[in-house]
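Following: one structure in structure tokens, then a few remarks.
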Amino acid sequence: HPLAQSMQSLPPIYVKMGQRLLFPCPEYLKYDTLSTSQFPLSTHIAQGGSIMKRILVTGAGGFVGSRIMQQISGSAEMIPFPGGRMARIPREELHELILRLHPDVLLHTAALSDTGYCETHPEESYRANVSIPLWIAEAAREVNAKLVAFSSDQVYAGLQDTGPFEEDFSLHPANVYGRHKLEAEQR
């Protein structure tokens, strides 16, 4: 493929197509705002000319998200959601960003997971752990992206049984965080 041949002169740590740098690209992590001009649409072409899946990862700097970024790097165009923005992003801005990025897959690993904080700030927990995942699901549906939403073992907190549990097992989480994660699963 001619485009792939022209990219062979680039350093092996990234692929450049027009003004777009593909993973691994620390520039994505440096953005403090979510201006859609920072995320132009482009064809995702890897070295060698193969088409890559575009994967948007929320919580990419967290425990689960960072490991996903490491494991999948090189086999897909990994787009980490700009750090520190998820908790306070307006619904419209989140929707616009997902529409603009148009991922093939959306991995939602972000959460407000400090159970003590969630107990004392239930409104913030609800927004982060129920509302935002629902907004993400709506936008993912609109762009026809596969959505993988991560939950928490806290949905099982308070159970006397040790599992494994059937999908329809009745759960009664013992804390606000667990209740909010369960509600997000159910909705």
I'd like to know if the side chain of R54 and the backbone of L101 have a donor-acceptor N/O pair within less than 3.5 Å.
yes
Here the pair of heavy atoms bringing K181 nearest to A111 is NZ-CB, 3.9 Å
Checking F81 against L106 for the side-chain contact (heavy atoms from CB on, under 4.5 Å) test, could you report, in this order, the C-alpha distance in whole Å, the side-chain angles of both residues, the deciding distance, and whether it holds?
CA-CA 10 Å; F81 193 91; L106 205 157; over 6 Å; no
P80 side chain reached by V57 side chain, heavy atoms, under 4.5 Å:
no
Determine all donor-acceptor pairs shorter than 3.5 Å in which one atom belongs to a side chain in residues 144-157; sequence neighbours excluded.
{"residue": "S151", "atom": "OG", "partner": "E185", "partner atom": "OE2", "Å": "2.4"}
{"residue": "S152", "atom": "OG", "partner": "Q154", "partner atom": "N", "Å": "2.9"}
{"residue": "Q154", "atom": "OE1", "partner": "N175", "partner atom": "ND2", "Å": "2.6"}

Return the set of residues passing side-chain contact (heavy atoms from CB on, under 4.5 Å) with P90 (not counting sequence neighbours), or none when no residue passes.
E92, E93
ILVMFWY network linking F63 to M78, side-chain heavy atoms under 4.5 angstrom:
yes
Suppose we screen for side chain to side chain donor-acceptor pair (under 3.5 Å). Which residues come up paired with S170, at least two apart in sequence or across chains?
H172
For the pair I98 and L56, evaluate side-chain contact (heavy atoms from CB on, under 4.5 Å) and give the outcome as yes or no after the intermediate values.
CA-CA 8 Å; I98 292 171; L56 177 60; 4.0 Å; yes
Pair listing, side chain to side chain donor-acceptor pair (under 3.5 Å) test, anchored in residues 57-68, at least two apart:
T58-H108
Atom pair NE2 (H102) and CD1 (I79), whose distance is rounded to the nearest 0.5 Å
11.5 Å
For the atom pair NE2 (H121) and CG (D114), what is the distance rounded to the nearest 0.5 Å?
10.0 Å
Any link between I55 and M69 through a network of hydrophobic side chains (Ile, Leu, Val, Met, Phe, Trp, Tyr) touching at under 4.5 Å?
yes
Under the salt bridge (Lys or Arg N to Asp or Glu O under 4.0 Å) test, residues paired with E119 that sit two or more places apart:
none
Minimum heavy-atom distance between A60 and T109, given as atom pair plus value
N-OG1, 4.4 Å
May I have the list of side-chain donor-acceptor pairs in residues 125-138 shorter than 3.5 Å, sequence neighbours left out?
{"residue": "S125", "atom": "OG", "partner": "N129", "partner atom": "ND2", "Å": "3.2"}
{"residue": "S125", "atom": "OG", "partner": "H180", "partner atom": "ND1", "Å": "2.7"}
{"residue": "Y126", "atom": "OH", "partner": "E183", "partner atom": "OE2", "Å": "2.7"}
{"residue": "Y126", "atom": "OH", "partner": "R187", "partner atom": "NH1", "Å": "3.0"}
{"residue": "R127", "atom": "NH1", "partner": "A87", "partner atom": "O", "Å": "2.7"}
{"residue": "R127", "atom": "NH2", "partner": "I89", "partner atom": "O", "Å": "2.5"}
{"residue": "N129", "atom": "OD1", "partner": "L112", "partner atom": "N", "Å": "3.1"}
{"residue": "N129", "atom": "ND2", "partner": "L112", "partner atom": "O", "Å": "3.0"}
{"residue": "N129", "atom": "ND2", "partner": "S125", "partner atom": "O", "Å": "3.2"}
{"residue": "E138", "atom": "OE1", "partner": "R91", "partner atom": "NH2", "Å": "2.6"}
{"residue": "E138", "atom": "OE2", "partner": "R91", "partner atom": "NH2", "Å": "3.0"}

Quick one: closest heavy-atom pair of A139 and H95, and the distance?
CB-CD2, 3.8 Å
